[in-house]
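Keep in mind that what you see is a predicted model, and the values were worked out from it rather than measured.
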Protein chains: 2
Amino acid sequence: MACRVIEYGGAMSRWAPDAALRLERAAVELFTVQGYAATSVPQIAARAGLTTRTFFRHFPDKRDVLFLRERELPGVVAALVAGAPAFLSPLGLVMHGFEAMATGPFEGWREDIRSRRAIIGSDQGLRERELLKNVLLGEVISEALERHGVDGDEARMVARYGVTVFELALTDWLQADGSAFVDVLHSTAYRMGRLVRPARQGE
Amino acid sequence: MACRVIEYGGAMSRWAPDAALRLERAAVELFTVQGYAATSVPQIAARAGLTTRTFFRHFPDKRDVLFLRERELPGVVAALVAGAPAFLSPLGLVMHGFEAMATGPFEGWREDIRSRRAIIGSDQGLRERELLKNVLLGEVISEALERHGVDGDEARMVARYGVTVFELALTDWLQADGSAFVDVLHSTAYRMGRLVRPARQGE
DNA sequence: GACCGTGATGACACGGCATGCCATCAGGGT
DNA sequence: ACCCTGATGGCATGCCGTGTCATCACGGTC
């Protein structure tokens with residue numbers, strides 16, 4: 001939402017707004033230029049005109065700075081699932097939520113997401129954090145499903161499945177050229193559903 | 001495999017075998033008694049009769065000590081998938097691999113796995129590491145599927161799905177009383193397949 | 001029996017991460 | 001003018017993880 005450009009060099013003393021956003025921008029720039037491991041937290045803080053201690057007030061650790069933009073994601077998706085038509089199947093509810101978000105602001109974030117994913121892919125610790133965020137998203141979706149009357153076990157399974165589809169679709173979308181995310185999401189869901197459908201022969 | 005009991009108190013100077021195993025046992029005991037965060041690496045090393053530096057020669061970091069027993073897991077499962085009957089569907093290949101392992105030594109490890117999972121659940125960093133291990137397992141399985149002639153995209157999807165089923169089944173198995181892991185695995189696979197199967201109505 | 005190569009370990013130093021604690025400062029309300 | 005709140009600066013501390021070199025045990029060779 002709040003995505004206005006921040007300037008660093010000038011008189012950017014404290015009490016300036018968007019401290020977290022400034023820190024995030026400084027971090028992404030430094031990570032891109034010199035790599036994640038080679039960038040220290042004091043370096044990021046200095047570039048944002050803040051101190052190390054303040055960095056850790058806005059982010060629980062160094063990794064988390066790359067996921068600032070996704071903090072509201074679980075709440076948004078859960079709300080969309082909660083507002084889905086009640087006649088849908090459990091999987092239909094989840095996909096409705098993702099679909100509603102995919103048709104929204106997602107298209108404009110493509111390059112931002114791509115650059116962050118490039119950094120995340122370069123470090124094992126960042127990959128781990130991303131996986132945790134996805135699982136947490138799944139748990140929130142699972143709760144939303146339960147409020148729709150879905151059984152707990154089924155909610156967990158469908159939520160995990162939906163998040164997996166979302167993950168794979170996101171990767172495809174970033175690699176593909178020009179396709180709308182909604183279309184990639186649908187395609188991935190369809191292909192995966194076909195593969196997972198109990199085969200006629202064997203198993 | 002090598003699971004013999006280790007003794008600490010005695011003259012356990014260096015050059016004793018199974019240094020990694022001794023470190024792992026010492027770590028699990030300390031984590032169980034006083035918690036993961038409250039246990040330091042020097043403490044673990046001292047209990048195992050070794051030094052901090054040696055700990056980090058056997059494990060890349062403090063978290064990894066809890067996953068020593070699973071180091072061979074990807075290789076084993078991949079081999080089982082590779083040896084699966086060629087007429088099976090992609091998902092059938094994966095499930096054949098998990099099933100073959102479930103009927104094997106898994107039953108005897110239940111209490112070990114349970115105690116480790118209790119520790120893992122108490123710390124976010126450990127949860128992240130567990131998720132990464134699962135994804136890595138999925139990637140190895142995906143490669144095994146490709147060697148069976150499965151398309152790359154399909155292999156990724158089916159492998160991720162299979163690992164998710166395995167995860168959920170494992171959790172169920174640890175909570176349930178007395179059920180064989182193979183049965184829980186089959187039950188989970190069946191229920192999840194039904195949920196994920198494209199519904200007749202809506203979506 | 002003496003020599004040497006290999007590999008695991010001990011010991012030390014060092015930088016970065018993360019947190020607790022208190023002082024400081026800006027803004028708003030009274 | 002006073003106080004309260006909240007964000008920040010600054011300092012100290014402990015643990016994590018790694019690079020480096022010395023040390024020691026074991027096995028092979030002569």
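- In this structure, of dG10(D), dC17(C), dT18(D), it is dT18(D) that holds the atom nearest to the side chain of F56(B).
- Separation of atoms CZ (R22(A)) and NE2 (H58(A)) is listed at 8.5 Å; rounding is to 0.5 Å.
- Within the 4.0 Å cut-off from OP1 or OP2 of dA7(D), not a single side-chain nitrogen or oxygen of H58(A) is found.
- Rounded to whole Å, the distance from CZ on F55(B) to P on dT18(D) is 11 Å.
- Remark: L73(B) CG to L136(B) CG distance equals 11.0 Å, nearest 0.5 Å.
- Rounded to whole angstrom, the span from the CD atom of Q43(A) across to the C1' atom of dC17(C) amounts to 14 Å.
- Note that CZ of F56(B) is 11.0 Å distant from CG of D64(B), once rounded to the nearest 0.5 Å.
- Rounding to whole angstrom units, CG of residue L21(B) and P of dA8(C) are separated by 16 Å.
- Taking the side chain of S40(A) as heavy atoms from C-beta on, and the options dC17(C), dT9(C), dT18(D), the nearest nucleotide is dC17(C).
- Between the CG atom of L30(A) and the P atom of dG16(C) there is a distance of 14 Å, rounded to whole Å.
- Taking the six-membered ring where tryptophan is involved, the planes of W173(A) and F106(A) are tilted, since the angle between them lies from 30° to 60°.
- Once rounded to the nearest 0.5 Å, the distance linking CE of M95(A) with CG of L88(A) reads 11.5 Å.
- For the pair T54(B) and dT9(C), the criterion of a side-chain N or O lying under 4.0 Å from OP1 or OP2 is not met.
- Rounded to an integer number of Å, the gap from CG of L23(B) to C1' of dA8(C) is 13 Å.
- Side-chain proximity of R53(B) to the nucleotides dG9(D), dT9(C), dA11(C) is greatest for dA11(C).
- With rounding to whole Å, K62(B) atom NZ is found 8 Å from dG17(D) atom P.
- When the P atom of dA18(C) is taken as reference, atom CD of Q124(B) falls 11 Å away, rounded to whole Å.
- Checking dC16(D), dG19(D), dC22(C) against the side-chain heavy atoms of R57(A) singles out dC22(C) as nearest.
- Going from atom CZ of R129(B) over to atom P of dC16(D) covers 14 Å, rounded to whole Å.
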